[in-house]
Amino acid sequence: MEAPKYVWEGAIPLQIHLHESQVTTLPPPPPALILAPRIGYLPLLAPLIKPYFSSTLPPGVDTIWFDYNGLPLRWYIPTGVLFDLLCPEPERPWKITAAYIMNGNCKNVMNMSQSDQLELWHSVMNGNLEAYQRVSSKLKLATVDDEYASLCLQKSQQSVIETDLPEQAKTGRVPVRLYVLSVSKDFDDLDEIPRVDSWEKISYINRPVEIRKEDKCFTLHDALKILLPELFLDESLMNVKLGGVDLEDAVRNSNEDVTSDKVVEDQGQNVCKQPEACRISSSAKIKLIRIQGIEPKLEIPFSWVANNLLNPDYFLHVCVCVKVAQ
């Protein structure tokens, strides 16, 4: 439970400036400094932000939108995902702009009692993991068998003899939302990544990933091969061991360091079969992967990622930066 606890406690320091078009006083109001939960959404901050700018806003204004360097920030993408996607070199505090607007399958959730729905929503607003787990358990949503935990249990019950994966390991499906940022300029440092000035530069893939029951550990690398198969066509040229790693090796690597300073670059041709979901040029390679602010190694068991880094919406949000040919 340590990893989900850290995920839920994760926060991003925001410095929120009122858009210059709505400043009606001199001097302009100071920026609002707020610690925003990673798993939350920017519009949920409206009640906290409005008092900072109330003196300069006209009556009847209560709907807010945000932008970063002129790019509107989409309200339905979690705050942590927006930060990971748009700030490869983390900017702290994250300086964004606020502007106000004048305004005059969910069956399981809808079947919940009103009090449970409110508690579920408030748990996300307040970043309360215990309250969220208590009420979300009533939804009876499926979980994924954790190969990492199974191996730890297996190793504790044996001394010398090595065995394959435990028989109780099951196949699971994990809903993934993949955000692919394509850049044409190569870079060595994160601060060299070009600024995102249009959402057209970001492609999306919404697809479940099936964790296959095999003799080898199903890793994050294997999941990305399913989501972006064209990037892994030429793995025979790679000089590092990635997919099909032994479970013991994968866990040992993840125990040593969940993150890495340099993400392994996967080289191969990329001709996207679904241009409406993913538009990546040929000869592309992965330069950066980030999940919940973490840059994971590709060898990490995907079941561990799914069980520990999911957002409260039960999607695994994965940000990928890809270098494409000019």
Side-chain angles (χ1 to χ4, degrees), residues 6-19 31-46 48-49 64-99 127 176-205 220 224 258-265 280 284-297 305 309-313 315-324:
Y6 282 120
V7 167
W8 274 74
E9 291 178 350
I12 299 168
L14 300 181
Q15 186 180 94
I16 303 175
H17 298 259
L18 186 64
H19 194 276
L33 300 177
I34 291 179
L35 206 56
R38 271 188 151 273
I39 51 89
Y41 299 84
L42 289 175
L44 298 180
L45 303 177
L48 300 177
I49 296 171
I64 191 171
W65 60 272
F66 300 89
D67 73 64
Y68 174 60
N69 289 332
L71 179 70
L73 300 177
R74 297 186 170 179
W75 64 268
Y76 54 84
I77 298 179
T79 304
V81 177
L82 288 170
F83 184 66
D84 292 343
L85 194 61
L86 303 178
C87 293
E89 178 60 40
E91 176 185 316
R92 297 186 182 90
W94 190 22
K95 300 177 182 177
I96 62 178
T97 301
V176 176
R177 287 182 178 171
L178 188 70
Y179 307 80
V180 182
L181 171 63
S182 300
V183 298
S184 57
K185 181 182 178 181
D186 203 359
F187 59 90
D188 295 320
D189 297 320
L190 295 180
D191 56 6
E192 297 176 357
I193 298 180
R195 191 183 75 188
V196 179
D197 54 10
S198 170
W199 285 102
E200 295 298 321
K201 295 182 180 180
I202 299 173
S203 302
Y204 303 87
I205 295 178
L220 176 60
L224 289 176
V258 173
T259 64
S260 59
D261 293 332
K262 181 174 178 60
V263 177
V264 179
E265 297 177 0
I280 303 177
K285 57 183 178 180
I286 294 177
K287 297 287 291 185
L288 177 67
I289 300 171
R290 190 169 284 166
I291 307 173
Q292 295 287 10
I294 298 171
E295 296 172 26
K297 291 184 176 180
V305 176
L309 302 183
L310 281 180
N311 234 60
D313 57 10
F315 275 86
L316 181 67
H317 297 265
V318 182
C319 301
V320 178
C321 182
V322 175
K323 164 66 173 62
V324 298

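Residues L73 and L86 are in side-chain contact: their nearest non-hydrogen atoms beyond the backbone lie under 4.5 Å apart. Side-chain contact between D197 and L71 is absent, with no heavy atoms from C-beta onward closer than 4.5 Å. Between H19 and D67 the shortest side-chain heavy-atom distance falls below 4.5 Å. Side-chain contact between V183 and K201 is absent, with no heavy atoms from C-beta onward closer than 4.5 Å. Residues Y68 and E91 have side chains in contact (heavy-atom distance under 4.5 Å, counting atoms from C-beta outward). Proximity of V318 to I289: side-chain heavy atoms (C-beta onward) are separated by under 4.5 Å at one or more points. A heavy-atom distance below 4.5 Å is found between the side chains of I49 and F66. You'll find the side chain of P13 stays beyond 4.5 Å of the side chain of W94, heavy atoms only.
No side-chain donor-acceptor contact under 3.5 Å links N311 to the backbone of D313. Judged by distance alone, the side chain of E192 and the main-chain N or O of F187 form no donor-acceptor pair under 3.5 Å.
Of all the heavy atoms in K297 and L220, the pair that sits closest is O-CD2, 3.9 Å. What you find for L190 and P88 is that their closest heavy atoms are CD1-O, 3.1 Å. In this structure, P78 and Y41 approach most closely via the heavy-atom pair N-CE2, 3.6 Å. When all heavy atoms of I39 and G127 are compared, the pair lying nearest together is CD1-CA, 4.3 Å. Of all non-hydrogen atoms in I12 and F83, the two that sit nearest each other are CD1-CB, 3.4 Å. Residues D84 and R38 come closest through the heavy atom pair OD1-NH2, 2.7 Å.
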Should L181 and C319 be marked as a side chain to side chain contact (heavy atoms under 4.5 Å, CB included) after you check the CA-CA gap, both sets of side-chain angles, and the distance that decides it? CA-CA 8 Å; L181 171 63; C319 301; over 6 Å; no

Stepwise side chain to side chain contact (heavy atoms under 4.5 Å, CB included) check, L309 with L316: CA-CA 7 Å; L309 302 183; L316 181 67; 4.1 Å; yes

After noting the C-alpha distance and the side-chain angles of Y179 and H317, does the key distance pass the side chain to side chain contact (heavy atoms under 4.5 Å, CB included) rule? CA-CA 8 Å; Y179 307 80; H317 297 265; 2.8 Å; yes

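Once rounded to the nearest 0.5 Å, the distance linking NZ of K323 with CD1 of I286 reads 14.0 Å. To the nearest 0.5 angstrom, L288 atom CG is 10.0 Å from L85 atom CG.
For the salt bridge (Lys or Arg N to Asp or Glu O under 4.0 Å) criterion with K287, the lone passing option out of D186, D189, D188 is D186.
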